[in-house]
Amino acid sequence: MNHPAPPALARRPFPTELLEQLRSAFGERVSNSEAVRAHHGRDESPFDPQLPDAVVFAQSTGEVQTIVKLCARYGVPIIPYGNGSSLEGHLLAVQGGISIDLSQMNRVLSINAEDLTVTVEPGISRKQLNEALRDTGLFFPIDPGADASIGGMTATRASGTNAVRYGTMRENVLGLTAVLADGRVVKTGTRARKSSAGYDLTRLFVGSEGTLGVITEITLRLYPQPEAVSAAVCAFPSMGEAVRTVIETIQIGVPIARVEFIDSLAVRAINKHSNLTLREKHTLFFEFHGTAAGVEEQAQLVQELAAQHGGEGFEWATRPEDRSRLWNARHNAYFAMLQLKPGCRAVTTDVCVPISRLAECVIETETDLKASPLPCPIVGHVGDGNFHVAILIDPDKPEEIDEAERLNRRIVQRAIEMDGTCTGEHGVGLHKMDFLIEEHGADTIDTMRAIKHALDPHNLMNPGKIFSWAA
Ligand SMILES: Cc1cc2nc3c(=O)[nH]c(=O)nc-3n(C[C@H](O)[C@H](O)[C@H](O)COP(=O)(O)OP(=O)(O)OC[C@H]3O[C@@H](n4cnc5c(N)ncnc54)[C@H](O)[C@@H]3O)c2cc1C
């Protein structure tokens with residue numbers, strides 16, 4: 001593939017003694033086979049894979065500590081690995097090193113139903129967690145499309161379709177345990193719902209993308225399963241009318257649980273992929289949670305707003321199986337969109353703007369995309385002001401890669417000019433590093449760099465990501 005390479009960084013030497021010592025400590029849970037390394041040296045970004053030197057499957061905080069201390073002794077990089085679903089080059093071993101696979105640390109450590117909290121190991125996936133909570137009447141709402149690990153979601157500050165109601169990982173991680181680059185173990189936060197006790201290290205680790213430490217336990221907020229749920233679909237004459245319906249819904253304070261925008265091209269992809277028969281127009285998917293009366297009232301209000309904006313035929317999905325068909329289709333939208341252009345890869349972009357600027361931002365983006373020869377479906381968690389464009393490229397055509405990067409730059413710069421952000425939820429990884437400086441300015445990045453230098457003075461933890469080591 002010809003996608004522009006991430007900043008050139010030399011691979012660090014990988015001593016054979018380290019491999020031998022890891023093997024003697026972890027036996028068959030250490031692999032340096034090409035296939036295992038290839039699986040761990042890539043993600044869903046359009047970048048070429050860059051393989052770690054070896055992969056270790058850890059089973060406890062103590063084991064992570066041992067691996068980190070050994071790597072620190074030899075100056076070898078460490079890349080924590082959750083489920084490999086990140087989109088911006090987060091996992092590429094740009095300087096080689098050890099990938100610590102946390103998928104075998106997937107236990108629920110404690111459920112405190114009275115306090116609505118749960119403590120888990122990082123490798124548990126969001127679906128596994130909700131399965132474990134099934135009999136408690138509680139659930140964990142954050143749902144990135146992929147079945148990501150809770151550790152990966154914490155490390156990328158992920159969100160998803162229902163962040164508009166329940167918040168993102170930032171609001172839902174109460175505390176965590178992390179192994180630092182020198183092997184020390186820190187615990188941040190408590191199970192209390194609030195605290196003013198010192199610097200908020202929990203928030204520092206949430207979104208740190210593996211660059212500050214390996215997260216080995218996470219305490220999360222839970223929510224009662226809503227008494228009533230209903231979902232609906234509505235098609236709109238234009239992108240602007242769909243988005244204005246959402247803006248007004250949020251501005252009048254409807255506590256909507258999910259509101260997702262899907263443009264007509266993405267609807268076509270979803271119909272084909274998930275065997276649905278939605279009208280191929282710009283569409284909103286809605287979901288309402290609450291008491292039966294509350295849900296009805298919310299739905300009524302939103303239906304009226306949609307009608308004022310030309311929404312055609314509010315169609316209800318009331319049976320649980322119809323709702324899950326709809327939301328499964330939404331969660332599979334990324335893979336559906338890839339099928340619009342056989343053999344393609346997606347350059348995804350994920351901007352987020354203040355809700356009052358959303359219509360303007362989406363409409364200007366649509367104008368740009370229409371003028372491009374590349375297919376560029378748009379989907380979005382628009383209730384948060386967040387939308388994604390999947391720019392579909394033939395990875396063997398440099399002119400398509402250039403065009404995708406040109407579009408990406410325009411979309412991101414527009415969002416930043418509107419007081420928005422270059423990434424609402426996917427994170428920075430390698431792909432958004434330059435935009436981070438544009439968004440925050442050099443002094444803010446220097447402050448982030450000072451924290452990184454203090455906690456990881458030998459640049460061992462996922463090096464080369466988020467911002468450069470040197471100014
Ligand atoms: C189809 C699809 C849809 C998606 N939809 C969404 C969406 O709606 N919202 C959203 O937010 N994202 C979305 N994503 C992106 C992705 O799912 C998220 O970024 C997710 O949080 C990554 O989790 P993971 O377990 O796959 O982490 P990985 O990809 O394995 O890792 C991601 C980063 O976290 C670090 N990391 C992982 N585990 C740990 C740990 N225990 N300690 C320290 N660092 C760690 C890694 O080093 C890496 O930098 C989507 C991706 C796909 C493919």
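Because only heavy atoms are used, hydrogens play no part in the values below, and waters and symmetry mates are left out as well, while side chains stay in. Read the numbers this way: they start at 1 and go in the same order the structure lists the ligands and their atoms.
- Close contacts between ligand 1 and Gly213 involve ligand atoms 43 (C) [criterion: under 4.0 Å to a heavy atom].
- Close contacts of ligand 1 with Leu102, meaning ligand atoms under 4.0 Å from a residue heavy atom, involve 40 (C), 41 (N).
- Judged by distance alone, the side chains of Asn83 and Ser85 never bring a donor and an acceptor atom under 3.5 Å apart.
- Residue-level proximity to ligand 1 for Thr154 is absent, since no heavy atom of it falls below 4.0 angstrom.
- The protein atom (non-hydrogen) at minimum distance from atom 50 (C) of ligand 1 is Leu87 CD1, 3.7 Å.
- For ligand 1, the polar-atom distance check against Ile215 finds a nitrogen or oxygen pair separated by under 3.5 Å.
- Here the protein heavy atom with the shortest distance to atom 37 (C) of ligand 1 is Gly152 CA, 3.5 Å.
- Within the structure, the closest approach of Phe335 to ligand 1 falls below 4.0 Å when heavy atoms are considered.
- Ion pairing of Arg330 with Glu287 is absent here, as no side-chain N (NZ or NE/NH1/NH2) approaches a carboxylate O to less than 4.0 Å.
- In this structure, CG on Leu138 lies 8.0 Å from CD1 on Ile111, to the nearest 0.5 angstrom.
- Aromatic ring pairs are classed by plane angle as parallel below 30°, tilted from 30° to 60° and perpendicular above 60°; the pair His39 and Tyr81 is tilted.
- In this structure, the protein non-hydrogen atom closest to atom 23 (O) of ligand 1 is Ala148 CB, 3.3 Å.
- Any N or O atom pair closer than 3.5 Å counts here, and Tyr334 shares no such pair with ligand 1.
- Ring pair Phe261/Phe387: centre-to-centre distance not below 6.0 Å.
- An N or O contact shorter than 3.5 Å links Ser159 to ligand 1 by distance.
- Checked by atom type, the side-chain pair Asp143/Tyr166 shows no donor-acceptor distance below 3.5 Å.
- Between the side chains of Thr66 and Glu63, no donor N or O sits under 3.5 Å from an acceptor N or O.
- Proximity of Asn83 to ligand 1, defined as any heavy-atom pair under 4.0 Å, is shared by backbone and side chain alike.
- The contact set between ligand 1 and Met153, taken as ligand atoms under 4.0 Å from a residue heavy atom, comprises 21 (O), 23 (O).
- Of all protein heavy atoms, the one closest to atom 29 (O) of ligand 1 is Ser86 OG, 2.6 Å.
- At under 3.5 Å, a nitrogen or oxygen of Gly145, whether backbone or side chain, sits near a nitrogen or oxygen of ligand 1.
- Annotation for ligand 1: atoms under 4.0 Å from non-hydrogen atoms of Glu44 are 53 (C).
- Looking at Asp446 and Arg449, a side-chain N of the basic residue comes within less than 4.0 Å of a carboxylate O on the acidic one, giving a salt bridge.
- Counting atoms of ligand 1 from 1 in the listed order, those under 4.0 Å from a heavy atom of Ala146 are 2 (C), 3 (C), 4 (C), 17 (O), 52 (C).
- The parts of Ser85 lying near ligand 1 are both backbone and side chain, judged by heavy-atom distances below 4.0 Å.
- Taking the six-membered ring for Trp and thresholds of 30 and 60 degrees, Phe288 and Phe286 have nearly parallel ring planes, at less than 30 degrees apart.
- Which parts of ligand 1 touch Asn462 is read off a 4.0 Å heavy-atom cut-off, strictly below it: atoms 47 (O), 49 (O).
- A donor and an acceptor atom, one from each side chain of Glu217 and Thr119, are nowhere located under 3.5 Å apart.
- Counting heavy atoms under 4.0 Å from ligand 1, residue His381 touches it through the side chain alone.
- Here salt bridge (Lys or Arg N to Asp or Glu O under 4.0 Å) pairs that include residues 87-111, with residues two or more places apart or in two chains, are Glu88-Lys432, Arg107-Glu121.
- Considering backbone and side-chain N/O atoms, Ala158 never comes within less than 3.5 Å of an N/O atom of ligand 1.
- Given atom 21 (O) of ligand 1, the protein heavy atom at minimum distance is Thr156 OG1, 2.8 Å.
- Checked against a 6.0 Å centroid threshold, the rings of His426 and His388 count as neighbours.
- Of the charged side-chain nitrogens involved, none lies within less than 4.0 Å of a carboxylate oxygen, so that Lys127 and Asp147 do not count as a salt-bridged pair.
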Exercise. Arg258 and Thr161: side chain to side chain donor-acceptor pair (under 3.5 Å), yes or no, with the steps?
Worked result: CA-CA 6 Å; Arg258 289 166 151 170; Thr161 61; 2.8 Å; yes

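- Protein heavy atom nearest atom 25 (O) of ligand 1, with residue, atom name and distance: Ser149 OG, 2.7 Å.
- Atom 48 (C) of ligand 1 has His90 CB, 3.6 Å as its closest protein atom, hydrogens excluded (heavy atom only).
- Listed by number with element, the atoms of ligand 1 under 4.0 angstrom from any heavy atom of Gly210 are 43 (C), 44 (N).
- Residue contacts with ligand 1 for Thr216 are absent, since no atom lies close enough (heavy atoms, distance under 4.0 Å).
- Here the two rings, on Phe47 and His431, have centers that are under 6.0 Å apart.
- An N or O contact shorter than 3.5 Å is missing between His331 and ligand 1 by distance.
- For ligand 1, the polar-atom distance check finds no N/O of His388 at less than 3.5 Å from any of the ligand's N/O atoms.
- The shortest N/O to N/O separation between Val214 and ligand 1 does not fall below 3.5 Å.
- Contact atoms of ligand 1 toward Ala155: 34 (O), 35 (C), 36 (N), 44 (N), 45 (C) (distance under 4.0 Å to a heavy atom of the residue).
- Using a 4.0 Å cut-off between charged side-chain N and carboxylate O, Arg409 and Asp434 make no salt bridge.
- Residue-ligand proximity: Gly84 is placed with a non-hydrogen atom under 4.0 Å from ligand 1.
- By the 3.5 Å distance cut-off applied to N or O atoms, Asp143 is not counted among the residues near ligand 1.
- Among all non-hydrogen protein atoms, the one lying nearest atom 39 (C) of ligand 1 is Pro80 CB, 3.7 Å.
- Residues meeting the side-chain hydrogen bond (donor to acceptor under 3.5 Å, both in side chains) test with Thr421, sequence neighbours left out: Glu439.
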Exercise. Going through the distances and angles, do Thr61 and Thr216 end up as a side chain to side chain donor-acceptor pair (under 3.5 Å)?
Worked result: CA-CA 6 Å; Thr61 300; Thr216 57; 3.1 Å; yes

